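Have a look at the structure below before the remarks.
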Protein chains: 2
Amino acid sequence: MDEASYLAGYDPGRYPSIAVTVDVVALTIRDGRLCVLLVERGAPPFAGQRALPGGFVKAETLDEAALRELGEETGLKPGEGELARVHLEQLRSYGDPGRDPRMRIVSVAYLAFAPSLPDPTAGSDAAGAYWVPVDEAVGLAFDHDAVLADGLERARSKLEYTPLATAFTAPEFTIGDLRQVYAAVWGEDLHAGNFHRKVLSVPGFVESTGETSARGGERGGPKARLYRAGDAKLLHPALLRPDREDRVR
Amino acid sequence: MDEASYLAGYDPGRYPSIAVTVDVVALTIRDGRLCVLLVERGAPPFAGQRALPGGFVKAETLDEAALRELGEETGLKPGEGELARVHLEQLRSYGDPGRDPRMRIVSVAYLAFAPSLPDPTAGSDAAGAYWVPVDEAVGLAFDHDAVLADGLERARSKLEYTPLATAFTAPEFTIGDLRQVYAAVWGEDLHAGNFHRKVLSVPGFVESTGETSARGGERGGPKARLYRAGDAKLLHPALLRPDREDRVR
DNA sequence: ACGAGTAAGACTCAATCTGAGAAGAACATA
DNA sequence: TATGTTCTTCTCAGATTGAGTCTTACTCGT
């Protein structure tokens, strides 16, 4: 039976109603570490614990709901500069009965990649939200540990096949900046020479601005050339993570 | 504001309620063609058009709801032989206001890979459901054209990185069987010799049974060795689709 | 101003992987 | 039996990979 014929004979009181929310796994890189946006819970259940930002879906698309929630938590306004550069994509939905002790909730989780954003504590609504290094983000409320883990795996995988690493950088960046994004998200260092060769050999990944950085690295080294994101939507060939036996089986 | 603190002050009548359904993109291979399970709609809206099977989520997990719907449409029982071999994974959710003209519905779409299943018309509930080659599955009800397209892209991509092609075959299969799965899903022929070399070189993809097929191919050729699915969860290295420029940008 | 340390970028090299093709043997059908 | 198909293995040239070296340019601390 398909959903629509089902609906035609649907008695609204027949099944317990299900609430729909969005939760956002918002990632950024601060001080070379991958961080996630968390909020502190005031009320039970899980009072005092941290959780992913989220809320009810209103009369809007799911994407709009996720962007709105992200804006409310960071104190930034959708459409204005910084939020406009955020990459937002749907992650997956979580709907186990009992994942919220009060009622049946289906949550559509989103994944956001953001360049380094200001501390959200500046705004008013955003008090109680802050960036936490992902390896310290454990013991979250609800099933948010699992949601975060799924988001991280998606992010790590996306860096292999898409140019989305540039969503974590400033509009103009050096190859070294890009390499540090990969290192932070993947949690392992990369061979600088091979990374450089690879990035420049993938068509449409980056395009040169012709400029170089104003000064060299903080600890020395020559000025580096600056690049912008190219027009590729997929990396061909892909930039694969170093082989790790434990990912295979 | 996170979902739970929102809930604490939630007025149930404040927002229009949202119904939650599951829809299933069930794929199988018949006569060398990739097919999707569709149902014929009897009642408006979209009466007479075809749609993906689906229905309301009851007091069950989303996965259970999807498996239940698939069983109802195919006339097969979950847990019994054939349905137990079906691979089922969540695809993504669709929740645009207006995607169903009657009310706000968020649908969690699932993707199913099945070995060749019997025609569902045998069962009673399953009347009106049938397998349709994917290139003939156009003009579906609701936003199901887009859901199907997303499912197909996911399936094509999954074949690259996972051993899920074996979910389309019998428990024992030849390398040629496997190659035909790839050819059907990707829509392009593969070099038999290179495919053979590649499949056997990926650790854990397939394991030999020691047996060979009872007879050669229908149009000639020697008996082929039989294999089972191995224990790998990911293919390393991956079996990539032939380069196609149009996928890149 | 100078020396030590760091990083960008270009290069080398051997090992591996890839796509394309060829060949032999086994098997089907007409 | 003749013809065509398929399985399986092999070859080979070209591309890609990981690891390392080298030069040059720069920052920082002294």
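Bear in mind the structure is a predicted one, so any value in this text is a computation, not a measurement. A note on names: the letters A, B, ... follow the listed sequences, proteins ahead of strands, and every chain is numbered from 1.
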Report task. Would you mind reading off the bend of the helix from C:dA1-D:dT30 to C:dA30-D:dT1 from its two end axes, five pairs each, to 10 degrees? Result -> 30°
Query raised in the report: Would A:Lys158 and A:Glu89 pass as an ion pair if we require N to O under 4.0 Å?
Result: yes
Requested in this report: May I ask you to say what A:His191 touches in the nucleic acid, namely base, sugar-phosphate or nothing, with a heavy-atom cut-off under 4.0 Å?
Outcome: base
Query raised in the report: Whole Å only: how far is the CG atom of A:Leu240 from the C1' atom of D:dT17?
Result: 11 Å
**Report entry** B:Glu72 and B:Arg68 ion-paired at < 4.0 Å
**Finding:** yes
Requested in this report: Mind listing the closest non-hydrogen atom pair of A:Pro163 and A:Ala232 along with its distance?
Outcome: CG-O, 3.1 Å
Requested in this report: Answer whether the closest heavy-atom distance between the side chains of A:Tyr161 and A:His236 falls below 4.5 Å.
Outcome: no
Query raised in the report: Does anything in residues 177-184 of chain B reach DNA chain C, meaning a heavy atom under 4.0 Å, and if so which residues?
Result: none
Requested in this report: Residues of residues 213-222 of chain B with any non-hydrogen atom less than 4.0 angstrom from an atom of DNA chain C: list those, numerically ordered, please.
Outcome: B:Arg215, B:Gly216, B:Gly217, B:Glu218, B:Gly220, B:Gly221, B:Pro222
Query raised in the report: Can you check the B:Lys223 NZ to C:dA26 P distance for me, whole Å?
Result: 11 Å
Query raised in the report: Salt bridge between A:Arg228 and A:Glu207, side-chain N to carboxylate O under 4.0 Å?
Result: yes
Query raised in the report: In whole angstrom, what separates A:Arg241's CZ from D:dT17's P?
Result: 16 Å
Requested in this report: Write down the distance between NZ (A:Lys198) and C1' (C:dC17), rounded to a whole number of angstrom.
Outcome: 13 Å
**Report entry** First of B:Ala238 and B:Gly193 reached from the 5' end of DNA chain C, by closest nucleotide
**Finding:** B:Ala238
Report task. Could you check how far CG of A:Leu239 sits from P of D:dT16, rounded to whole Å? Result -> 13 Å
Query raised in the report: Would you call B:Asp135-B:Arg33 a salt bridge at under 4.0 Å N-O?
Result: yes
**Report entry** Candidate nucleotides C:dG21, D:dT11, D:dG20, ranked by approach to the side chain of A:Asn194 - the nearest
**Finding:** D:dG20
Query raised in the report: Separation of B:His236 atom NE2 from C:dT16 atom P, in whole Å?
Result: 18 Å
Query raised in the report: Among side-chain atoms of A:Tyr94 and A:Asp150, is any donor-acceptor pair under 3.5 angstrom?
Result: yes
Requested in this report: Using a strict cut-off of less than 4.0 Å between a Lys/Arg side-chain nitrogen and an Asp/Glu carboxylate oxygen, indicate whether A:Glu160 and A:Arg241 qualify as a salt bridge.
Outcome: yes
**Report entry** Residue pair A:Tyr130 / A:Glu40, side-chain donor-acceptor N/O under 3.5 Å
**Finding:** yes
Query raised in the report: Do you see a donor-acceptor pair shorter than 3.5 Å between the side chains of A:Asp23 and A:Ser107?
Result: yes
Query raised in the report: Can you find a side-chain donor-acceptor pair between B:Tyr110 and B:Glu69 that sits under 3.5 Å?
Result: no
Query raised in the report: Rounding to a whole Å, what distance do you find between B:Arg225:CZ and C:dA25:C1'?
Result: 12 Å
Requested in this report: Taking atom types as modelled, find out whether B:Ser116 and B:Thr28 have a side-chain donor-acceptor pair closer than 3.5 angstrom.
Outcome: no
Report task. Could you check whether A:Arg197 gets within reach of a base, just the sugar-phosphate, or nothing at all, counting any heavy atom under 4.0 Å? Result -> base
Query raised in the report: How many Å lie between CG on A:Leu226 and P on C:dA8, as a whole number?
Result: 12 Å
